[in-house]
Protein chains: 2
Amino acid sequence: MQRISASTRKDALVEAALRLVARHGIAAASTRAITAEAGMSLASFHYVFPSRDALLAEVIERALEREIDAQSLVPYDGLTLEERVYRAFLTSLQLLAADAGTELAMFELMNHALRTPGLEPLARRQYERYWDVAEALVIETGAQWSRPAREIAQIVVSLNDGISLAWLATRDHEAAQRMAAVAAGAVCRLAVDPR
Amino acid sequence: MQRISASTRKDALVEAALRLVARHGIAAASTRAITAEAGMSLASFHYVFPSRDALLAEVIERALEREIDAQSLVPYDGLTLEERVYRAFLTSLQLLAADAGTELAMFELMNHALRTPGLEPLARRQYERYWDVAEALVIETGAQWSRPAREIAQIVVSLNDGISLAWLATRDHEAAQRMAAVAAGAVCRLAVDPR
DNA sequence: GTCTATAATGGGATAGAC
DNA sequence: GTCTATCCCATTATAGAC
């Protein structure tokens, strides 16, 4: 095998792990499976990562950034407030339908972090970032809200998580879309002038 | 050891597994750990359960029923609509704070079902039951809603799941209580006459 | 730096005595 | 029905040759 820089190798392992977790769940992401997926030997793994958990920590951060990037590409020009909120929920559902494994993986990685001593702060930071992104979105609507933007944002994130989980469990597209519509309505009624 | 009926034994194993999953996560619920917790031998396990997954399926159902029982004990007499909805969310948060492990376990068991071939219908049924229970609660408010009771119920469940997950990740009591309040307000604005 | 080989552990499941 | 003992496999991590 060629000599490859440690950072390149880390990168390849994180990507391989992410694919495996998305496809078959976190339990399937053993060090052996990961190195096989990345096309390298088992020993290479421990050359760049001290342990499986150290890798999973990086996997969580990588997955989070990807998720946030996907959300921030949505165009909202010329839409009413309710349409914008609805569109945001729908975008999540589209990401979900396009790659259910990856979205389920986000929940699995979160649970893993919450069960692994030392990784709890990762879960916390993940939520703070979700809230940050949603808050920016709420402010960007330009609406006047009856509560601080951050609280609205937290409700939006909660609804999004809840609807996503419900879809993952039931795979009921119609129900999920109706939920997105009703949720958008409920959120918009928190605006002072829900135009 | 004494001769014990198969059903008693199953029961003891399910309870032991539930305790382990709540304490240390689903990964810690190995057949060996479960039988040790239940105070019996490993072979007894396979005498009453064909496999670990067969046990976990029963664990999921048991945990679900317990969760629903806990929620249905809440008294709502003499409260306004918003107070009732708020109270429902708060009750969830209290259960959460009282036993975070068990509530986290619910999410883990759900993920497990979604990743295990053959157990997906369990996850689906679990959600249908959540929705049923919430729908009964929504109807019981006596309010006139702008959408069918089931859709309101689905939003309530989504909010509850989302808020629960956020609390599990951040352990921020204040934020969670504010979220419960704002969520209750948003839901109630879906009533025709939100008195 | 990268590999093969192996240690060390823990897992699910089963055989067979009682 | 219940147990002990064991099989067999997969896992994480490391040793040591190159």
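What you see is a predicted model, and the numbers here were worked out from it, not measured in a lab. Chain naming here is simple, since letters A, B, ... match the order of the sequence lines and numbering starts at 1 in each.
- Side-chain contact check for M106(B) versus M110(B): every heavy-atom pair is 4.5 Å or farther apart.
- Residues Q71(B) and S92(B) bring a donor and an acceptor atom of their side chains to less than 3.5 Å of each other.
- What separates OH of Y47(A) from P of dG1(C) is a distance of 4 Å, to the nearest Å.
- The interatomic distance linking F49(B) (CZ) with dA13(C) (P) rounds to 12 Å, in whole Å.
- Contact check, R3(A) against dG1(C): no side-chain N or O comes under 4.0 Å of OP1 or OP2.
- Between S44(B) and the phosphate of dC3(D), there is a side-chain N or O to OP1/OP2 separation shorter than 4.0 Å.
- Of the side-chain N and O atoms in R9(B), one or more sit less than 4.0 angstrom from OP1 or OP2 of dT2(D).
- Between H46(A) atom NE2 and dG16(D) atom C1' there is a gap of 16 Å when expressed in whole angstrom units.
- Side-chain N/O atoms of T31(B) include one lying less than 4.0 angstrom from OP1 or OP2 on dG12(C).
- Rounded to whole angstrom, the span from the CZ atom of R52(A) across to the C1' atom of dA10(D) amounts to 12 Å.
- Going from atom CZ of F45(A) over to atom P of dT4(C) covers 17 Å, rounded to whole Å.
- For Y130(A) and Y127(A), the ring centers are positioned less than 6.0 Å apart.
- Atom CG in L42(A) sits about 10 Å away from atom P in dA13(D), given to the nearest Å.
- An OP1 or OP2 oxygen of dT11(D) is reached within less than 4.0 angstrom by a side-chain nitrogen or oxygen of S30(A).
- Between the base of dG12(C) and the side chain of R32(B) there is a donor-acceptor pair shorter than 3.5 Å.
- Taking the centre and axis of the six-membered ring of W131(B), the NZ or CZ atom of R129(B) falls outside the cone set by 45° and 6.0 Å.
- With T116(B) contributing its side chain and L119(B) its backbone, the two residues share no donor-acceptor pair below 3.5 Å.
- Here the C1' atom of nucleotide dG12(C) and the CD1 atom of I26(B) are 15 Å apart, to the nearest Å.
- Atom P of nucleotide dT11(D) and atom CD1 of I34(A) are separated by 11 Å, given to the nearest angstrom.
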